[in-house]
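Encoded as structure tokens, the structure appears first; notes follow it.
Keep in mind the model is a prediction, meaning the values are calculated, not measured. Every chain is numbered from 1 and lettered A, B, ... according to where its sequence line falls, protein lines coming before strand lines. We use all heavy atoms of the structure for the numbers below, so side chains are in, but hydrogens, waters and symmetry mates are not.
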Number of protein chains: 2
Amino acid sequence: MTTRKALAERNDHALLQAARDVLAEDGAHASVAAIAARAGVGIGSLYRRYKTKEELFQRLSLLSLEHWNDVAEQGLASPDPWAGLASFVQGCVEFGQGSLAPVAGTIEVTQEMSVKARLGDELLERLIRRAHEAGVLRTDVAAVDISLLIEQLGRSPMIDQLRKQGRDDLLPAATEARRRLITIVLDGLRPGPVPLPGSPPGEELFTGRWSH
Amino acid sequence: MTTRKALAERNDHALLQAARDVLAEDGAHASVAAIAARAGVGIGSLYRRYKTKEELFQRLSLLSLEHWNDVAEQGLASPDPWAGLASFVQGCVEFGQGSLAPVAGTIEVTQEMSVKARLGDELLERLIRRAHEAGVLRTDVAAVDISLLIEQLGRSPMIDQLRKQGRDDLLPAATEARRRLITIVLDGLRPGPVPLPGSPPGEELFTGRWSH
DNA sequence: TTCGAAGCGGAGCGAATCGCTCCGCTAGTT
DNA sequence: AACTAGCGGAGCGATTCGCTCCGCTTCGAA
């Protein structure tokens with residue numbers, strides 16, 4: 001019925017998702033034991049797949065970057081510049097890009113990661129430029145602002161807290177409130193009737209991304 | 001020159017600020033030793049003022065709630081409904097209200113805390129109502145959305161990370177980028193030309209506040 | 001049906017860190 | 001000059017960490 005290969009694949013997927021969840025709830029303090037327990041997998045099985053804790057987190061980072069790029073390309077494929085940008089932001093936020101923030105500084109950045117990060121920056125730039133040219137995005141919003149926005153909205157300390165406390169009854173309401181907040185913020189990025197004079201989009205030193 | 005009382009007062013202030021900083025950087029994992037070290041104070045001195053770690057965090061929560069209420073009252077004192085609400089949000093965000101999120105579920109909520117939290121909710125409701133009546137706030141934005149917004153923007157994982165890594169050179173740029181993001185988001189709360197049909201402000205079960 | 005081994009879960013290792021206590025010593029006060 | 005309030009930090013037992021190792025299960029070939 002369940003071949004060994006299929007079981008291993010399912011376990012690996014469960015481990016990665018569990019790592020995301022535990023990281024979101026416990027931050028940098030997330031322990032390997034907690035991740036394995038959440039995934040319903042023994043610690044031994046985890047360590048057969050990933051030699052160290054860092055290797056697991058590196059894999060997680062790489063998948064996160066790939067997801068960023070996938071969603072960005074999907075957004076660019078959309079004919080509507082605004083819809084493309086909005087779906088990109090929403091896709092990144094809901095995936096929980098921000099959950100990796102606590103470990104971003106503790107793991108070694110592989111060459112593959114930095115390559116994908118550069119590609120992702122480029123895709124985002126193109127999304128922004130297209131929206132600007134179509135006149136559907138506030139002129140004072142630069143790529144770094146979108147990066148920051150995704151990082152800021154990508155985590156939900158309140159929802160993580162509720163889940164940790166086991167208040168599953170409040171989770172749907174909180175999740176829905178968060179979704180509304182995201183749409184409100186996204187809506188605020190569109191050019192309004194009274195745009196405030198913003199600073200120029202420059203500032204090259206800080207790109208707003210975790211990995212270099 | 002420096003009397004004992006003045007030194008003690010200065011130490012207490014340094015401890016509270018250090019606790020905020022370390023909590024922001026380390027989350028729930030923040031240790032008492034780290035807080036004392038950041039404040040430049042011995043652990044013994046910390047424990048002379050606060051019997052336990054929880055007592056320190058409770059004090060911190062209380063001060064945070066008081067700050068919330070102070071800023072809300074200042075906002076209500078402003079004749080301009082929009083400026084009042086905006087300065088309230090900005091004041092809460094910059095104070096770092098969200099830093100306490102990781103410990104909010106771990107400490108016991110005192111009666112004094114819940115009283116101040118209730119008062120704060122009421123003040124926020126009045127700020128929102130006033131803005132709605134003046135027509136300077138999107139009609140689909142409720143109090144719970146502002147609470148969520150403050151929690152979401154109140155933490156800056158990226159800035160905390162930079163500070164932790166000692167990249168003080170990038171800090172000004174990151175801080176300025178974050179300030180721009182806040183103004184952009186705030187600006188998006190004003191009624192736009194094409195308001196989307198939002199859900200009703202109701203949903204009573206979840207108020208979006210940490211303490212009950 | 002039998003049996004070798006691939007792959008599983010988890011007990012347990014040493015090391016690190018936790019919250020907290022206790023005490024020698026500095027420095028302000030009388 | 002004598003006193004002592006208040007400081008900093010070494011160190012306690014307990015806990016938790018990342019990780020190893022091994023007995024047992026269970027799949028698949030003979």
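Ring centers of Trp68(B) and Phe95(B): at least 6.0 Å apart, outside the cut-off.
Checking the phosphate oxygens (OP1, OP2) of dT17(C), no side-chain nitrogen or oxygen of Ser31(B) falls inside 4.0 Å. A sub-4.0 Å separation between OP1 or OP2 of dG6(D) and a side-chain N or O of Ser45(B) is absent.
Contacts of Ala34(A) with the nucleic acid, taken as non-hydrogen atoms under 4.0 Å apart, are absent. Using a 4.0 Å heavy-atom cutoff across all strands shown, Ala37(A) reaches no nucleic acid atom at all.
Per the geometry, CD1 belonging to Ile35(A) stands 17 Å off C1' belonging to dG9(C), to the nearest Å. Separating the NE2 atom of His29(B) from the C1' atom of dG18(D) is a distance of 13 Å, rounded to the nearest angstrom. The interatomic distance linking Asn11(B) (CG) with dC7(D) (P) rounds to 6 Å, in whole Å. Per the geometry, CG belonging to Asp12(A) stands 15 Å off C1' belonging to dC8(C), to the nearest Å. Atom CZ of Arg10(A) and atom P of dC8(C) are 10 Å apart (whole Å). The distance between atom CG of Asp26(A) and atom C1' of dC18(C), rounded to the nearest whole Å, is 16 Å.
Interface residues of residues 48-63 of chain B facing DNA chain D, ordered by number: Arg48(B), Arg49(B); criterion, heavy-atom separation under 4.0 Å.
Salt-bridge formation is detected for the pair Glu25(B)/Arg38(B): a Lys NZ or Arg NE/NH1/NH2 atom is positioned less than 4.0 Å from an Asp or Glu carboxylate oxygen. Taking 4.0 Å as the cut-off between side-chain N and carboxylate O, Asp140(A) and Arg180(B) do not count as a salt-bridged pair. The pair Asp12(A)-Arg48(A) does not count as a salt bridge, with every side-chain nitrogen at least 4.0 angstrom from each carboxylate oxygen. A salt bridge links Lys164(A) with Asp26(A); the closest basic N to acidic carboxylate O contact falls under 4.0 Å. No salt bridge links Arg49(A) with Glu55(A); every basic N to acidic carboxylate O contact stays at or beyond 4.0 Å.
When distances run from any side-chain atom of Ile43(B) to the nucleotides dC19(D), dG19(C), dG9(D), the shortest one goes to dG9(D). Nearest nucleotide to the side chain of Ala8(B), out of dG18(D), dG10(C), dC7(D): dC7(D).
The shortest non-hydrogen separation linking Met113(A) to Ser61(A) is CE-CB, 3.7 Å.
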